[in-house]
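Just so we're clear, the structure is a prediction, and the values are computed from it rather than from any experiment. Chain naming here is simple, since letters A, B, ... match the order of the sequence lines and numbering starts at 1 in each. Excluded from the calculations below are hydrogen atoms, water molecules and symmetry mates; all remaining heavy atoms, backbone and side chain alike, are included.
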Amino acid sequence: MNLPPDKQREMLRQMLTIRCFEERASADYHAGKIYGVVHCYIGEEAVGVCSALEQGDQIISTHRGHGHCIAKGADLKRMMAELYGRQTGYCKGKGGSMHIADFGIGMLGANGIVAGGISIVTGAGLAAQMDGKGRVAVSFFGDGASNAGPFHECLNIAATWKLPMLYICENNMYAAQTSAAETHAMPDVAGRAAGYGIPGVVVDGNDIFAIHQAAARAIARARAGEGPTLIECKTFRWRAHTERIGQPDFRTEEEIETWKRRDPIARLRGQLEAQGALTDADWQAMNKEVSATIGDAVAFAEASPFPAPEQALEDMYAA
Amino acid sequence: MRELTYAQAGVEAVAEEMRNDQRIFYMSTDPAVSLMKEFGNKRVRATPIAEGALTGIAIGAAGSGYRPIMDWRQVTFSFVAMDQIVNQAAKIHYMFGGQRTFPVLYRANVGGGTRLAAQHCQCPYSMFMNLSGLKMFLPSTPGDLKGLLKTAIRDNNPVISFESNRLLTTKGPVPDGDYAIPLGVADIKRTGSDVTVVAVAWLVHEALAAAEELAKDGISVEVVDPRTLVPLDHAAIRASVQKTGRLVVADEAGPTAGFSAEVAAVVTEDPATFARLKAPVKRVCALNVPIPYSPVLEDHVFPDRKRIIAGVREVLQGRLSDKAV
């Protein structure tokens, strides 16, 4: 992978930002400052797709959506304010963790329904095709969604209409608490692409360069009018399905520890250090900067007002 | 005035709007041939039978600057798209803080009379009325259908056009030229002074026939056609009932938590209207069963002019003593 060192360091910083954001969101959730539910992305931060996209390309996310937001360039302050239920949040406090969107940057929303976003972003892909400007649309979803109807309906439609789509399955091997081994007829989700006559690619989901490379190929194919690609990123979440207390987690300590040793952030850091593209001082400085950014986001959220109760009646219909 | 069938009026509304706005495109499992011929297969897409995906694709295209029309054909087929309707289309504008507009029109035929049995003779619009975030209408005439469709296509929100199976081949006057009927405005299809009948779709015609029959006995019936289900024209319904003091609601759907229940509530929870009521509200609805196939059974289940007449006579019981006072 011949990415310039600056870009590689930027990827590392982004992964670190996602992790720090998630750690803070988790802590503030348990401190009662964030309500409802938070689904942490820790362990899955190697989102190599967005760094291969251009302005005007669109993505859609899942209930585990903070990482996708950050990778697409969302404002951490407005994200944190949304988690805090404040007026200054992306959705004016109406969405929360599971429903952050920033249509301005082409982030069409996290979605609380597994597989719920796949068809919406396929519509964005149809729009991109009709626009004819070479834009693409990306659907992020998990292994759980790959067993639901919209996945299959949309892959068939996108393949038939040659839509400029990337379907990115982040296979963390557990749909909530249930393992993919118990629920998938075939071990590789990517293998299903054959049924729709499109490329299906398996990549190491903790290797951001591998993902970036696979995405770049799929994007080039999509921009060339050759249709969609299904990419399966094999990865693992370190934390439970949600931060809610008392939820069962049937994964063994051993399995979790094995995956922690494959930490995508430590891996990239090691690669950069080995190339001489990152010193220990750089790493310390990066940590400090990221930590300060997250601190600023929390300060912004805490200083922001809650919405007025009657704002519950606003934004029902567009003018 | 020229006459068109209800179905023709629908096609004409779509074609006129598509000529005016290149952002509009149409998706259906079997689109009208005339539309495909005029606009080609990119703007009028014959789709796979995948209503769930297509309902969501319409939302995504709408959020990306287009104005899609997704034709479910029979409302039956919308049920496989319920996640996209309930969790996505109805909520996407509000839940994301009003960031984008989602101008989608969904079309669905409803109602009985086609001898197609339980799955294809349904009137489930109250299920959709119960959701916050969607607008919807159910017109009774070709002219109303065309005017409401044009408004809906220009609306920046998801709108559902429920269209009556029984009326597809019914002809009626349709004005020339470009006209649109605003959502949320009822139409008084017949003025009267003794009883208000609020009816939708085919039952508007049955109510008009009932009114004609009752007029022979000196009973004056006002027929109110709300046309739009959401937003419902509360003011027009209440004004009519305040005038007549009596209300019959006629609906092809069953009564439970239905459109008819909503109309009854709109009337009875308004103090000024409640004070004018001279009789309990009467609902004339389908019986609470899935719609059976055999004509004898189907006709027994659906309300018609005879049941409307009986309903009107029921709310008029005691009218003589009224007059004596």
Side-chain angles (χ1 to χ4, degrees), chain A residues 58 60 82 87 89-96 98-104 106 108-131 135 137 139 148-158 160-161 163 307 311-312 314-319, chain B residues 22-25 27 41-43 45-68 70 80-84 86-104 132-135 155-159 183-184 230-231:
Chain A
Q58 305 198 90
I60 214 160
E82 187 60 35
Q87 210 177 73
Y90 264 117
C91 312
K92 305 176 191 167
K94 291 198 171 101
M98 269 190 292
H99 306 299
I100 298 179
D102 182 350
F103 285 81
L108 307 187
N111 205 304
I113 307 299
V114 168
I118 299 178
S119 46
I120 297 173
V121 75
T122 301
L126 175 59
Q129 184 187 59
M130 292 192 292
D131 286 341
R135 288 178 184 152
S139 182
F151 167 81
H152 297 278
E153 293 185 11
C154 287
L155 254 65
N156 179 58
I157 290 170
T160 305
W161 292 352
L163 298 184
Q311 284 181 291
E314 293 176 2
D315 292 320
M316 265 302 293
Y317 293 110
Chain B
Q22 295 299 310
R23 297 170 300 170
I24 301 168
F25 70 98
M27 297 190 290
N41 63 5
K42 293 287 183 243
R43 290 192 67 202
R45 289 174 178 257
T47 68
I49 300 175
E51 289 84 358
L54 293 157
T55 298
I57 284 172
I59 299 167
S64 305
Y66 288 84
R67 306 185 74 83
M70 167 65 199
V80 299
M82 271 309 206
D83 169 55
Q84 293 299 317
V86 178
N87 286 318
Q88 317 297 343
K91 298 174 174 52
I92 194 164
H93 178 76
Y94 181 89
M95 192 170 74
F96 293 137
Q99 289 187 39
R100 271 285 153 92
T101 58
F102 297 89
V104 188
S132 300
L134 300 173
K135 300 178 182 181
D155 197 285
N156 280 329
N157 296 279
V159 183
L183 297 176
V230 179

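Across A:A127 and B:A61, no two heavy atoms sit closer than the pair CB-CA, 4.3 Å. Taking both residues in full, the closest heavy atoms of A:G116 and B:D83 are given as CA-OD2, 3.8 Å, listed atom of the first, atom of the second, then distance. The two residues B:N157 and A:A318 come nearest to each other via the heavy atoms OD1-N, 2.7 Å.
Side-chain contact between A:T160 and B:P48: absent, with no pair of heavy atoms (C-beta onward) separated by less than 4.5 Å. Side chains of A:E153 and B:L54 form no contact here, defined as non-hydrogen atoms less than 4.5 Å apart. Between B:M95 and A:C91, every side-chain heavy-atom pair lies at or beyond the 4.5 Å cut-off. Using a 4.5 Å heavy-atom cutoff, the side chains of B:R45 and A:W161 are in contact. Inter-residue side-chain proximity for B:I57 and A:I120 is flagged as unmet; no heavy-atom pair is nearer than 4.5 Å.
With a threshold of 4.5 angstrom between heavy atoms, A:A110 approaches chain B through N, CA, C or O but not through any side-chain atom. Looking at A:A312, both its backbone and its side chain come within 4.5 Å of chain B, counting heavy atoms on both sides. Contacts of B:I49 with chain A are absent, with no heavy-atom separation under 4.5 Å from either backbone or side chain. Proximity to chain B (any heavy atom under 4.5 Å) is restricted, for A:A319, to the backbone atoms N, CA, C and O. Neither the backbone nor the side chain of B:M70 has a heavy atom closer than 4.5 Å to any heavy atom of chain A. With a 4.5 Å cut-off on non-hydrogen atoms, A:I60 does not touch chain B at all. For A:E314, the part lying under 4.5 angstrom from a heavy atom of chain B is the backbone only. Contact annotation for B:N156: both backbone and side-chain heavy atoms come within less than 4.5 Å of a heavy atom of chain A. Neither the backbone nor the side chain of B:R23 comes within less than 4.5 Å of any heavy atom in chain A.
Contact tally against chain A (heavy-atom pairs below 4.5 Å) for B:G133, B:A90, B:A53, B:A58: the top residue is B:A53. Heavy-atom pairs under 4.5 Å with chain B peak, among A:H99, A:Q311, A:K92, at A:H99. Between chain A and the options B:R100, B:K91, B:K42, the largest number of non-hydrogen pairs under 4.5 Å is found for B:R100. Of the residues considered (B:T101, B:I92, B:N87, B:T55), B:N87 shows the highest number of contacts with chain A, using heavy-atom pairs under 4.5 Å. Each of A:E82, A:H152, A:M130 has some count of heavy-atom pairs under 4.5 Å with chain B, and the biggest count is that of A:M130.
Taking OG of B:S64 as the start and CG of A:L108 as the end, the distance is 6.0 Å to the nearest 0.5 Å. To the nearest 0.5 angstrom, B:H93 atom NE2 is 10.5 Å from A:Y317 atom OH.
For the side-chain hydrogen bond (donor to acceptor under 3.5 Å, both in side chains) condition, the pairs that include at least one residue of residues 119-131 of chain A, sequence neighbours left out, are A:S119-B:Q84, A:T122-A:Y167, A:D131-B:Y66.
Figure legend: cation-pi geometry between A:K94 and B:F96 absent, as NZ or CZ is not positioned both under 6.0 Å from the six-membered ring centre and within 45° of its axis.
Checking B:Q99 against A:D315 by side-chain atom types alone, no donor-acceptor pair falls below 3.5 Å.
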